[in-house]
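Reviewing the structure listed below.
The residues of the chain are indexed from 1 along the displayed sequence. None of the values given here were measured: they were computed from a predicted structure.
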Amino acid sequence: MADTLKTFQQTATELNVSVNTLKRWTKDFAPFLSPSGPVSGDGSNRRFADEDVGVLRRVKDQLAGGSSTEEVIEQLHAEPALSREIRDG
């Protein structure tokens, strides 16, 4: 069954973060997210798959735990499934 794609607002609400925070994370962690398809200049038309929400939830948890953006990126690169997706994607 295909993923339901979520809007910025739906995803931000699910993660309990602002849309601006989600936009920043989308740029910072783009290599770990699925291709977004056509987007407007500000990226507001991007849609998020369930897997993207899972990655962003891990990002939120790690940042809340005190990790820096750079540390989160290193941790995500170290996850075999995500590293394989980046390599193969």
(message) Can you confirm whether the side chains of E71 and Q62 place a donor and an acceptor under 3.5 Å from each other?
(response) no

(request) Mind checking salt bridge (charged side-chain N to carboxylate O under 4.0 Å, His left out) for E74 and listing every partner two or more places apart, or none if nothing turns up? (result) none

(message) Run the salt bridge (charged side-chain N to carboxylate O under 4.0 Å, His left out) test against R24 and tell me which residues pass, sequence neighbours left out.
(response) none

(message) How close do A12 and L22 get, counting heavy atoms only, and between which atoms?
(response) N-CD2, 3.6 Å

(request) Taking all non-hydrogen atoms of both residues into account, name the closest pair between S68 and L63 and its distance. (result) C-CD2, 4.0 Å

(request) State the CZ-CG distance between F29 and L56, to the nearest 0.5 angstrom. (result) 8.5 Å

(message) How long is the straight-line distance from CZ of F32 back to CD of Q75, given to the nearest 0.5 Å?
(response) 10.5 Å

(message) Once salt bridge (charged side-chain N to carboxylate O under 4.0 Å, His left out) is applied, what residue pairs with a partner in residues 5-15 remain, sequence neighbours excluded?
(response) K6-E14, K6-D50, E14-R57

(request) State, yes or no, whether a side-chain contact exists between L33 and R46 at a heavy-atom distance under 4.5 Å. (result) yes

(request) Side-chain contact test, heavy atoms from C-beta onward, threshold under 4.5 Å: evaluate it for T11 versus T7 and give yes or no. (result) no

(request) Please name all residues satisfying side-chain contact (heavy atoms from CB on, under 4.5 Å) with K60, sequence neighbours left out, ordered by chain then number. (result) N16, V17, W25

(message) Under the rule for side-chain hydrogen bond (donor to acceptor under 3.5 Å, both in side chains), what residues qualify as partners of T21, not counting sequence neighbours?
(response) S18

(request) Check side-chain hydrogen bond (donor to acceptor under 3.5 Å, both in side chains) between S34 and all other residues, then give those that pass, not counting sequence neighbours. (result) D52

(request) Would you list the pairs meeting ring-ring contact (aromatic ring centres under 6.0 Å, His included) in which at least one residue belongs to residues 46-72, sequence neighbours left out? (result) F8-F48

